[in-house]
**Q** 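First the structure, which I've put down as structure tokens, then a few questions once you've had a look.
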Amino acid sequence: MTVVYNLVVVAHLLGLAAVIGGYAVGQPVVNEVMVWGARAQIVTGLVLVGMADGIGSLDKHLVMAKIVVKLVIAVAVAGLAEVGRADAKRGNVIAWMTHAAGILAIANVFVAVLWK
């Protein structure tokens, strides 16, 4: 199961790269890469938490407060990306949504790495 868990971690990191990379490249418009990366972050994050909590052999010790904070930020990123992309398709670019989604995604990295 460790191999499967690590593959999901890779997918999670690729989602992160898509959100932040899409933000860096697409400013001031939310692009599809950001939207799909945000979706991938939520799905793979939930799978990782489920695996870490449910499979004892992985020997993962979860801090639920950290997970809740990361989930709230991830949902905010996805929401901003979804709405920003929908508005951009209609020709109404709202730059603050792009920046908010990108900055929150970066903040989520800080939470993941620095919260011990």
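Keep in mind that the numbers below use all heavy atoms, side chains included, and drop hydrogens, waters and symmetry copies. Each residue takes its place number in the sequence, starting with 1. These numbers were taken from a predicted model, which means no experiment stands behind them.
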**Q** Is there a side-chain contact between Gln41 and Val77, using heavy atoms and a 4.5 Å cut-off?
**A**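 A side-chain contact is absent here, since even the closest heavy-atom pair is not under 4.5 Å.
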**Q** Do Val113 and Leu48 share a hydrophobic cluster, counting only Ile, Leu, Val, Met, Phe, Trp and Tyr and linking them when any side-chain heavy atoms are less than 4.5 Å apart?
**A** yes
**Q** With Ala78, which residues qualify under side-chain contact (heavy atoms from CB on, under 4.5 Å), at least two apart?
**A** Ala38, Ile42
**Q** Are Val111 and Val63 connected in a single hydrophobic cluster, I mean Ile/Leu/Val/Met/Phe/Trp/Tyr linked by side-chain heavy atoms less than 4.5 Å apart?
**A** yes
**Q** Could you name each residue pair satisfying side-chain hydrogen bond (donor to acceptor under 3.5 Å, both in side chains) that touches residues 43-56, not counting sequence neighbours?
**A**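 Every side-chain hydrogen bond (donor to acceptor under 3.5 Å, both in side chains) pair that includes a residue of residues 43-56, provided the two are not neighbours, is His12-Thr44.
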**Q** Where do Ala101 and Met34 come nearest, in terms of heavy atoms and distance?
**A**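 Shortest heavy-atom separation between Ala101 and Met34 comes out as CB-CE, 3.8 Å.
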**Q** About how many Å separate CG of Leu104 and CG of Asn108, when rounded to the nearest 0.5 Å?
**A** 8.0 Å
**Q** Can you confirm whether Asn92 sits close enough to Ile94 that some side-chain heavy atom of one is under 4.5 Å from a side-chain heavy atom of the other?
**A** yes
**Q** May I ask you to test the Ile103-Tyr23 pair for a side-chain heavy-atom distance under 4.5 Å?
**A**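 With C-beta onward as the side chain, the pair touches.
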**Q** Would Val72 and Met97 show up in the same hydrophobic cluster when neighbours are defined by side-chain heavy atoms closer than 4.5 Å?
**A**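 Shared cluster, no.
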**Q** Should Val93 and Asp87 count as side-chain neighbours, where that means a heavy-atom distance under 4.5 Å?
**A** no
**Q** Is the shortest side-chain heavy-atom distance between Arg39 and Trp36 below 4.5 Å?
**A**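 Yes, at least one pair of side-chain atoms sits under 4.5 Å.
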**Q** Do the side chains of Val69 and Trp115 get nearer than 4.5 Å, heavy atoms only?
**A**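 Heavy-atom side-chain distance check passes, below 4.5 Å.
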**Q** With sequence neighbours left out, write down each residue that passes side-chain contact (heavy atoms from CB on, under 4.5 Å) with Lys89, or none if nothing qualifies.
**A** Glu32, Arg85
**Q** Keeping to residues at least two apart or across chains, list the salt bridge (Lys or Arg N to Asp or Glu O under 4.0 Å) pairs with something in residues 59-68.
**A** none
**Q** Is it true that Phe110 and Leu80 fall in one hydrophobic cluster, defined by side-chain heavy atoms closer than 4.5 Å?
**A**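 Shared cluster, no.
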**Q** ring-ring contact (aromatic ring centres under 6.0 Å, His included): which pairs involve residues 56-86, sequence neighbours left out?
**A** none
**Q** What are the two closest non-hydrogen atoms of Asn31 and Gly22, and how far apart are they?
**A**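 Taking every non-hydrogen atom into account, ND2-O, 3.1 Å.
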**Q** Using the rule that two of Ile, Leu, Val, Met, Phe, Trp, Tyr join whenever any of their side-chain heavy atoms come within less than 4.5 Å, decide whether Leu13 and Leu58 are in one cluster.
**A** yes
**Q** Can you tell if the side chain of Val49 reaches within under 4.5 Å of the side chain of Leu62, non-hydrogen atoms only?
**A** yes
**Q** Please report the shortest heavy-atom distance between Ala105 and Val19, naming the atom on each side.
**A** CB-CG1, 3.5 Å
**Q** Mind checking whether Val47 and Tyr5 have side chains closer than 4.5 Å, heavy atoms only?
**A**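 They are not in contact (no side-chain heavy atoms under 4.5 Å apart), so the answer is no.
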**Q** Any side-chain to backbone donor/acceptor pair from Thr98 onto Gln27? Under 3.5 Å, distance only.
**A**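 No; zero donor-acceptor contacts below 3.5 Å.
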**Q** List for me each residue that meets side-chain contact (heavy atoms from CB on, under 4.5 Å) alongside Leu71, sequence neighbours excluded, and say none if there are none.
**A** Leu46, Val75
**Q** When rounded to the nearest 0.5 angstrom, what is the spacing between CE in Met1 and CG in Asn6?
**A**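 So the CE of Met1 and the CG of Asn6 are separated by 11.5 Å.
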